[in-house]
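Remarks on the structure that follows.
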Amino acid sequence: MQINENFLNLEQSYLFSTIAKKVTEFSSSNPDAKIIRLGIGDVTLPLTPSVVAAINEAVQEMGEEATFRGYGPEQGYDFLKNTIQDYYKTKGVSLDLNEIFISDGAKSDLGNILDIFGPGTSLIPNPVYPAYLDTNVMAGRKVNFLDGNEDNNFLPMPEDGSGGDLIYLCSPNNPTGATYTREQLKVWVDYAIQNNSIILFDSAYECFVRDANLPTSIYEIEGASSCAIEFCSFSKTAGFTGTRCGYTVIPHTLQVNDTALNKLWLRRQTTKFNGVPYIVQKGAAAIFSEQGQKEIRTNIDYYLENAKIIRDGFAELGFWLVGGDNSPYIWLKCKTDSWTFFDKLLSEAHVVGTPGVGFGTNGEGYFRMSAFGNRENVIEAISRIKKIF
Ligand code: PLP
């Protein structure tokens, strides 16, 4: 019996366990301190009324013989795919229904997609959403890093790395909050086509983009449908982190050595996945109704206003930063190492953020603040932080 020894090559992640331990220790010795947590990447506003109503209705349907549904299509119900197709039309992107695969969230598909690729090299940004790196280590793929830094505003370009057949791009980015422009994505698309690479584009935070000049889908860029897969999620769009639903787009025109990746993924999904619950897909479809769109916009505006308060607060204190304008994350330069900054914020302002070094070596000396939280707490956190710097 042999295990997959690639798993032994995974680095232990102590980031969130160390944060939890430090916070617990601090609060047990300072029981009166009101700790404000702006470290998490989880939403805090509940599902919106339209989504809840659609889910309730679907639950009723499932409880009656005439409307009960068992296994659904592995790639998702057309009623949801239709709404996504229409949504892409508003971005000027035309998708065939069979190019859309409903998922239980972006994380699963970002990991599972490696099933359809053989051994090779992946080009991964540093700092990075940790799942890209770990799934590549599990799959035994070689990894080259793309150097995100202050000089490129944490938006690395092809010259900042040394190539790979799979290229991971995330925009707006977690952890940095930085967002690629159309021109920058065009450079990436041209580069991928020239080098026979495939871009795995993570647009989990696309709904936070408010600047109409910034792209919210890689397919807004000419040529992308022959070199890119897009992963999206309702987690941050509509508070689905616990409800679990997203989608992946694989254009029919995307081929490797004359093999259509769409067909391989369909085969993979129909073999290993049995689809997202009907009830959940009904809830997700409600996000795209007129009322549903209004509701999620209100929620995202709330987070974006939080982000602005955090961003402006640190900017006033003279910190270098990116993000926070078309993203729920603010990435700032600490002036110390990441953990010293964490300790100072916790012990002196009773505020919790996330040390940048937890997202890769290039994150050392940086810090991620998250806008998911309650407005009063955000205002209070910034006012306390202003007193300690
Ligand atoms: N991609 C990025 C960049 C994320 O930050 C996250 C979650 O935090 C995900 C994907 C996962 O999304 P989901 O909840 O849809 O699995």
Side-chain angles (χ1 to χ4, degrees), residues 13 15-16 19 37-45 47 51 76 80 84 100-114 122 124-136 146 148 154-156 166-180 199-209 216-218 228-249 269 273 275-277 280-281 283-284 287 296 299-300 303 307 322-324 326-331 353-354 356 358-360 363 368-373:
S13 171
L15 177 64
F16 289 103
I19 292 175
R37 293 163 202 268
L38 298 175
I40 51 158
D42 199 350
V43 289
T44 44
L45 295 171
L47 296 176
V51 170
L80 178 54
I84 294 168
I100 303 165
F101 295 84
I102 305 303
S103 70
D104 63 351
K107 193 178 193 178
S108 317
D109 278 16
L110 277 160
N112 294 334
I113 199 72
L114 294 178
S122 294
I124 293 181
N126 176 10
V128 71
Y129 173 57
Y132 306 161
L133 177 58
D134 287 352
T135 51
N136 272 273
L146 265 173
F154 287 90
L155 290 169
L166 293 179
I167 300 167
Y168 286 75
L169 298 179
C170 175
S171 178
N173 190 272
N174 179 17
T176 69
T179 307
Y180 281 111
I199 296 172
L200 302 180
F201 189 76
D202 184 343
S203 63
Y205 295 90
E206 57 94 21
C207 58
F208 287 85
V209 173
T216 59
S217 163
I218 188 91
I229 297 176
E230 181 155 295
F231 300 85
C232 201
S233 165
F234 300 124
S235 284
K236 311 299 157 91
T237 306
F240 270 56
T241 48
T243 307
R244 310 303 310 144
C245 195
Y247 59 90
T248 295
V249 177
Q269 290 300 78
F273 184 56
V276 176
V280 171
Q281 291 191 59
I287 297 167
I296 63 155
N299 286 0
I300 293 163
Y303 294 135
V322 285
N326 292 282
S327 155
Y329 299 120
I330 296 94
W331 181 253
T354 310
F359 300 101
R368 187 189 79 173
M369 296 292 286
S370 155
F372 296 119

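Order of listing sets the numbers, starting from 1, for every ligand and every atom in it. What you are looking at is a predicted structure, and each value in this text was computed from that prediction instead of being measured. If you read the sequence from its start, that first residue is 1, and numbering goes on from there.
Close approach to Ser233 involves these atoms of ligand 1, each under 4.0 Å from a residue heavy atom: 12 (O), 13 (P), 15 (O). The atoms of ligand 1 that sit less than 4.0 Å from any heavy atom of Gly105 are 15 (O), 16 (O). Ligand-side atoms of ligand 1 in range of Asn174: 3 (C), 4 (C), 5 (O), range being under 4.0 angstrom from any heavy atom. Here is the list of ligand 1 atoms found below 4.0 Å of a heavy atom in Cys170: 3 (C).
Ligand 1 lies less than 4.0 angstrom from a heavy atom belonging to Tyr205. Residue Gly246 places no heavy atom under 4.0 Å from ligand 1.
A donor-acceptor contact shorter than 3.5 Å is absent between the side chain of Tyr132 and the backbone of Ser122. For Ser171 (side chain) and Asp202 (main-chain N/O), no donor-acceptor pair under 3.5 Å exists by modelled atom type. A donor-acceptor pair is defined here as one N or O able to donate and one able to accept, closer than 3.5 Å; such a pair exists between the side chain of Tyr180 and the backbone of Pro156.
Across Lys107, Lys236, Arg244, heavy-atom proximity to atom 8 (O) of ligand 1 is greatest for Lys236.
Taking distance alone, with nitrogen or oxygen atoms compared against 3.5 Å, Gly41 stays at or beyond that limit from ligand 1.
The nearest protein atom to atom 3 (C) of ligand 1, hydrogens excluded, is given as Asp202 OD2, 3.2 Å; this is a heavy-atom distance. In terms of protein heavy-atom proximity, atom 14 (O) of ligand 1 is closest to Ser235 OG, 2.6 Å. For atom 9 (C) of ligand 1, the closest non-hydrogen atom of the protein is Tyr129 OH, 3.3 Å.
More than 12 heavy atoms of other residues, nucleotides or ligands sit less than 6.0 Å from atom CZ of Arg244.
Asp109 CG to Leu200 CG: the interatomic distance, rounded to the nearest 0.5 Å, is 11.0 Å. Note that CZ of Phe201 is 9.5 Å distant from SG of Cys232, once rounded to the nearest 0.5 Å.
Side chains of Glu230 and Ser217: a donor-acceptor N/O pair is present below 3.5 angstrom, by distance only.
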Verdict with supporting geometry, Asp42 and Thr241, side-chain hydrogen bond (donor to acceptor under 3.5 Å, both in side chains): CA-CA 7 Å; Asp42 199 350; Thr241 48; 2.7 Å; yes
